[in-house]
There are 2 protein chains.
Amino acid sequence: MSRRSGILEFAVLGLLRESPMHGYELRKRLNTSLGVFRAFSYGSLYPCLKTLVQQGWLIEEPAPPQEDPRAATLAGRRAKIVYRLTAEGKEHFEELLSQTGPDAWEDEHFGVRFAFFGQTSRDVRMRVLEGRRSRLEERLAKMRASLARTRERLDDYTLELQRHGMESVEREVRWLNELIESERAGRDQRADAPDERQSEDTGGGPRHPGTTPPDPSDDTT
Amino acid sequence: MSRRSGILEFAVLGLLRESPMHGYELRKRLNTSLGVFRAFSYGSLYPCLKTLVQQGWLIEEPAPPQEDPRAATLAGRRAKIVYRLTAEGKEHFEELLSQTGPDAWEDEHFGVRFAFFGQTSRDVRMRVLEGRRSRLEERLAKMRASLARTRERLDDYTLELQRHGMESVEREVRWLNELIESERAGRDQRADAPDERQSEDTGGGPRHPGTTPPDPSDDTT
DNA sequence: TTCGTCATGTAATGGGTTACATGATTAC
DNA sequence: GTAATCATGTAACCCATTACATGACGAA
């Protein structure tokens with residue numbers, strides 16, 4: 001009855017925080033912006049939206065006034081339902097953003113969490129990145145152990161598969177290392193541009209994490 | 001009622017083809033040998049085993065005679081149920097092995113299929129590898145297109161996530177390229193060691209695929 | 001006029017996990 | 001004696017997909 005997905009809920013709230021949208025568009029964003037990792041179907045999305053409305057996190061709005069005169073025939077196409085984040089929804093999302101349990105760095109969640117790092121405070125970002133890294137290192141240790149145990153009994157293909165899998169994990173660890181270092185560099189950056197400083201950038205606009213070049217003007221249509 | 005998992009069924013049949021096992025051990029193998037990608041719980045495994053028995057692919061056997069005298073007290077531990085592949089099961093698995101639809105190269109299936117390449121005929125291996133590769137290239141094209149469309153609207157983190165995701169896919173494509181070339185080299189290898197040839201190596205022992213990349217004493221710590 | 005895309009939804013189904021129940025054996 | 005591991009199983013639940021139902025609009 002309740003359809004509390006966790007990950008889908010999180011992503012929907014996060015996307016709607018940037019700007020109101022209707023379901024169809026929301027799904028597209030879900031499967032492009034964030035969707036390298038996960039693809040959701042309408043069968044999941046629409047029920048999810050309903051429960052979010054029931055929770056009070058979202059409100060449904062009729063189609064916004066179109067500037068295009070052709071579409072003025074009372075809601076172009078089938079009457080869109082635009083979903084907007086409520087104040088309570090915003091608060092709820094902010095709370096979700098601040099959580100740093102294992103739920104934040106397991107495979108299914110990490111990607112989506114990362115996608116909203118722009119809205120996440122720096123210390124939470126650090127905890128999530130480090131959590132993910134240690135999770136992966138744990139996994140590497142297990143893989144190495146199991147490989148050492150069974151090395152001789154495996155055929156070439158199984159071995160190659162294992163090797164490639166381990167390399168993938170190692171690669172992600174290196175990636176995380178760079179990101180973490182980058183975050184640290186950003187944090188310790190107080191010598192120059194001191195006027196940019198702010199005690200907590202949780203709700204503020206997305207600031208670049210150090211090495212990444214600053215963006216001129218980001219505009220979310 | 002039926003619990004036809006596809007992927008789990010496949011893996012179970014494949015592991016039992018190598019040697020009979022009881023459920024507990026089977027699960028461990030599932031989560032080490034093949035399990036970098038997927039971890040199954042007893043809640044899936046045992047019901048699956050039951051239906052496989054009902055299908056006639058497996059038979060339950062009482063614990064095998066233990067050579068260890070201490071365990072001779074009528075089935076060491078709780079009476080193990082050893083599962084053995086029947087002739088029909090073997091036939092069925094062979095048929096599954098020969099299938100090369102999209103089911104073979106999608107994310108969820110490819111790893112397990114690859115793990116049993118040792119039992120797979122060369123032409124099927126080729127089709128699966130090439131299928132996977134074109135699937136990934138398709139995905140890359142989509143990612144690049146979507147990136148080109150939305151490049152400016154994305155914040156640094158989302159961009160970085162996307163970039164890393166694409167790199168991962170590109171890396172797998174390169175891996176597949178090497179494997180495919182290796183397979184081809186193996187196929188065209190008729191100048192030397194001609195007595196090793198066999199028209200179909202489907203059911204035969206695992207032959208190394210020519211220039212198998214994995215080096216013996218390769219240890220990347 | 002038919003196809004592709006936009007747009008919203010529901011019911012049935014699938015494939016899996018978690019938590020629980022049970023109990024023997026081994027190692028400390 | 002008690003904790004860990006071995007060993008098998010079930011029921012309740014979860015999250016998501018697929019297939020379906022409906023329908024409007026724009027372009028070929």
Side-chain angles (χ1 to χ4, degrees), chain A residues 1-12 21-31 35 37-53 58 60-64 66 68 70-83 102-103 106-109 112, chain B residues 1-12 21-31 35 37-53 60-64 66 68-83 102-103 106-109 112:
Chain A
M1 192 104 10
S2 50
R3 283 288 182 209
R4 312 297 245 75
S5 159
I7 181 175
L8 179 52
E9 175 182 318
F10 182 83
V12 165
M21 265 179 285
H22 57 275
Y24 190 85
E25 195 186 345
L26 202 44
R27 192 226 178 195
K28 275 173 64 175
R29 297 277 296 253
L30 235 39
N31 297 293
F37 312 93
R38 260 185 177 275
F40 292 100
S41 62
Y42 299 122
S44 329
L45 177 57
Y46 284 117
C48 173
L49 284 169
K50 281 224 163 142
T51 70
L52 290 179
V53 169
L58 304 183
E60 298 181 357
E61 284 182 351
Q66 292 284 136
D68 189 342
R70 292 192 318 258
T73 53
L74 214 66
R77 305 182 178 286
R78 179 174 184 168
K80 290 179 189 174
I81 300 175
V82 173
Y83 294 90
D103 280 12
E106 287 303 312
D107 291 332
E108 328 82 73
H109 304 77
V112 180
Chain B
M1 192 91 26
S2 51
R3 284 291 184 207
R4 309 298 242 71
S5 159
I7 182 173
L8 179 53
E9 176 184 315
F10 182 84
V12 165
M21 264 179 286
H22 56 274
Y24 189 86
E25 194 187 346
L26 204 44
R27 192 225 178 197
K28 275 174 63 175
R29 296 278 294 254
L30 236 39
N31 297 296
F37 312 92
R38 263 188 175 273
F40 292 99
S41 63
Y42 299 122
S44 329
L45 178 58
Y46 284 116
C48 173
L49 285 168
K50 281 222 163 148
T51 70
L52 289 179
V53 168
E60 299 181 355
E61 283 183 351
Q66 293 284 137
D68 189 342
R70 293 191 319 260
T73 52
L74 214 64
R77 304 180 180 286
R78 181 175 183 169
K80 290 180 189 175
I81 300 176
V82 173
Y83 293 90
D103 281 11
E106 287 303 313
D107 291 333
E108 327 83 73
H109 304 76
V112 180

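Every chain is numbered from 1 and lettered A, B, ... according to where its sequence line falls, protein lines coming before strand lines. The figures that follow rest on heavy atoms only: side chains count, while hydrogens, waters and symmetry mates do not.
Whole-Å rounding puts the B:Phe10 CZ to C:dG16 C1' distance at 19 Å. The CE atom of B:Met21 sits 15 Å away from the C1' atom of D:dA7 (whole-angstrom rounding). Spacing between atom CG of A:Leu49 and atom P of C:dT8 amounts to 9 Å, rounded to whole angstrom units. The CD atom of A:Glu25 sits 17 Å away from the P atom of C:dT5 (whole-angstrom rounding). Between the CD atom of A:Glu106 and the P atom of C:dT17 there is a distance of 14 Å, rounded to whole Å. Between B:Arg27 atom CZ and D:dT8 atom P there is a gap of 12 Å when expressed in whole angstrom units. Atom CG of B:Leu52 is separated from atom P of C:dG15 by 13 Å (rounded to the nearest Å). At whole-Å resolution of the value, OH in A:Tyr24 and C1' in C:dG9 are 14 Å apart.
For the helix from C:dT1-D:dA28 to C:dC28-D:dG1, the angle separating the two terminal helix axes comes to 30°, with each axis derived from five pairs and the value rounded to 10°.
The side chain of A:Ser44 contributes an N or O atom lying less than 4.0 Å from OP1 or OP2 of D:dT17. Between B:Lys28 and D:dC6, a side-chain N or O to OP1/OP2 separation shorter than 4.0 Å is present.
With sequence neighbours excluded, the residues satisfying salt bridge (charged side-chain N to carboxylate O under 4.0 Å, His left out) with B:Glu106 are B:Arg135. When the side-chain contact (heavy atoms from CB on, under 4.5 Å) test is applied to B:Tyr46, the partners found at least two apart in sequence or on another chain are B:Tyr24, B:Tyr42, B:Leu49. Under the rule for a salt bridge (charged side-chain N to carboxylate O under 4.0 Å, His left out), the partners of A:Asp107 that lie at least two apart in sequence or sit in another chain are A:Arg132, A:Arg139.
Atom CG of A:Leu8 is separated from atom OG of A:Ser41 by 9.0 Å, given to the nearest 0.5 angstrom. Here the CG-CZ distance, from B:Asn31 to B:Phe40, works out to 8.0 Å after rounding to the nearest 0.5 Å. Separating the CE atom in A:Met21 from the CZ atom in A:Arg27 is a distance of 14.0 Å, to the nearest 0.5 Å.
Using a 4.0 Å heavy-atom distance criterion, A:Phe40 is classed as a sugar-phosphate-only contact.
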